[in-house]
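A quick write-up on the structure given underneath.
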Amino acid sequence: MIDLLASSPLLTLFLVVATGAVLGAIPFGRVRFGAAGALFTGLALSAIAPQLGSGMEIVQSLGLALFVYTVGISAGAAFFGSLNRQLPLLGAATLSTVLAAVVTILLGHALGLAQDLSLGLFTGALTAAPALDAASRLTGTAGPSVGYAFGYPIGVIVGIVLVSTVVTRAWPGRRDTPALAGKSLRSATVLVDRPVNLRDVPQWHEQRVRFSYLRRDGRVRVIVPGEDLLAGDEVVAVGMPDAVEEVVAELGEISGRHIAHDRSLVEFTRLTVSNPDLASRSIAELNLPVRFGAVVTRVRRGDLELLARDDLVLEPGDRIAVVVERRALEAVHAFLGDSDRKASELDVLSVGLGLVLGFALGLVTVPMPGGGSFSLGPAAGPLIVGMALGALRRTGPVVWSLPGGANTTVRQLGLLLFLAALGLTAGPEVATVLSSPTAWRAALLSVVVAAISCVVLLIAARWMLGLSAPRAAGAVAGFLGQPAVLEAASSKVADERIETAYATLFAFSIVVKIALVPVIWNL
């Protein structure tokens, strides 16, 4: 069996993926390892037969690059749009990393561990592959690689246990933005009791509600943005429940009928944005009221239902709710594309160019104090490029944003390839340390470094920064830079704040860890 697997690396790789899926589905108390099951099955198999890891390094780099690039694409716009608000979280991550370095130095000396091994355990417990590269260059020994391989699965386990415990907690995030996932918009028909222009309705002016239908003199039509409402008019308001209630109080009272049910002249339909010329355009740029006399009220993006604000930027595959007169319905269909197949297709050009830029950035060598140097590698390089391109959304004819379904598929595939290949390459080194007298000391240092740094970050996120549990869990995953920890959090709670926090800290934390490598080595 071992000979068969050794002769077929792809068979080995996907055997690890399949058996890892089984292991990941087994509950250990409140914890499931999920995609990380592939890591542990890979470690076990390669510990038995080290030759099975031959040539898996390129698969590991490819899987990691696909994962972090797609995370960056989806989270980039949100990150750069709220960078000022993220500075306290970046500071907390820096403090946690410095504390981890101090613990490594002090506890490593106390336990009598070799300095290069301690340095490797630091990079492994915090799952920082670029920091391992810097450590290996700095020491010129195999100690960092052995320590990294030993500490890595410990850091993954500590991270998964912590985020699985925390992410479902309901502590108040007093300074956090509320999650959009799981929230539903409400529509209501309002009976207007006084003349008023839409621009004078605060909720409409602030883009917290959208108006769609108007019934006047017994006829239902699409409302014209900014028009005058008269006493006795009935209008449909769409928004979050509290905003709709405010509009009702502002304009009059709830009508006894819901005029959106009248489809005699006006149609309500959901269409898929598949026209590539419209991707990364805002709702206002579509100019549907002028082109077709239509109004967009909602946008469905994955599991999120968003209010169609004028400044909301569309992404490929978005489903938009349109209110339009029947005579213009076909024209609106043709304009938006409305092809689910086309919307789910992967734009190979944009993905290829993005990954070329990401890998090229990862190759750039950055000098460090003391004469050393480091490169961002296949993790931080594609992530940084993905975040930048995700914020740009498009450059001329090239649309960088990916359809939600395609993004999720590529991300999951990359995650599984990365974890399976990593397990197959790291197993022999982990087995070597496990069979040595220093095993318990190395394990103790790894557990303490990972646990203390992550717990400090969680404490800061909750009590000092006032962040929600999902965002705090995402911050831990990003601080560790570990896809399996992110997957453990996302699999339990559907909350976009998890991914945003992950992208916020991922690349930043890697840079901080790399900067601390020479400090640990020289003290």
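The CG atom of Leu383 sits 9.5 Å away from the CG atom of Leu64 when rounded to the nearest 0.5 Å. Of the inter-residue distances, the one linking Phe418 atom CZ with Ser61 atom OG reads 9.0 Å to the nearest 0.5 angstrom. Remark: Leu486 CG to Leu415 CG distance equals 8.5 Å, nearest 0.5 Å. Atom CH2 of Trp463 is separated from atom CG of Leu458 by 9.0 Å, given to the nearest 0.5 angstrom. Note that CG of Leu306 and CZ of Arg301 are 5.5 Å apart. Values are rounded to the nearest 0.5 Å. Atom CE of Met56 and atom CG of Leu424 lie 5.0 Å apart (nearest 0.5 Å).
When all heavy atoms of Pro470 and Ile498 are compared, the closest pair comes out as O-CG1, 3.3 Å.
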**Asked** Are Thr500 and Arg471 close enough, and set up right, to give a side chain to side chain donor-acceptor pair (under 3.5 Å), and what steps lead you there?
**Response** CA-CA 8 Å; Thr500 301; Arg471 194 181 296 275; 5.1 Å; no

**Request:** Please assess Thr272 against Arg319 for the test side chain to side chain donor-acceptor pair (under 3.5 Å), listing each intermediate value before the final yes or no.
**Result:** CA-CA 4 Å; Thr272 301; Arg319 295 275 294 172; 2.8 Å; yes

**Request:** Kindly indicate, with the supporting measurements, whether the criterion side chain to side chain donor-acceptor pair (under 3.5 Å) is fulfilled by Trp521 and Thr139.
**Result:** CA-CA 8 Å; Trp521 177 246; Thr139 64; over 6 Å; no

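The side chain to side chain contact (heavy atoms under 4.5 Å, CB included) test with Ser350 is passed by exactly one of Leu355, Ile73, Leu402: Leu402.
A 4.5 Å side-chain heavy-atom check between Val385 and Phe359 finds every atom pair outside the cut-off. Under the 4.5 Å side-chain criterion, counting only non-hydrogen atoms from C-beta, Leu126 is in contact with Phe479. With contacts defined as side-chain heavy-atom distances shorter than 4.5 Å, the pair Leu505/Leu90 qualifies. Put simply, the side chain of Ser453 does not reach to within 4.5 Å of the side chain of Thr97, judged on heavy atoms. Leu392 places a side-chain heavy atom less than 4.5 Å from the side chain of Thr395.
With a 6.0 Å radius and a threshold of 12 heavy atoms from other residues, nucleotides or ligands, Leu4 has its CG atom above the threshold.
Note on Glu487 versus Arg411: no salt bridge recorded, every NZ/NE/NH1/NH2 to OD/OE distance being 4.0 Å or above.
The backbone N or O of Gly396 sits less than 3.5 Å from a side-chain atom of Arg394, completing a donor-acceptor pair.
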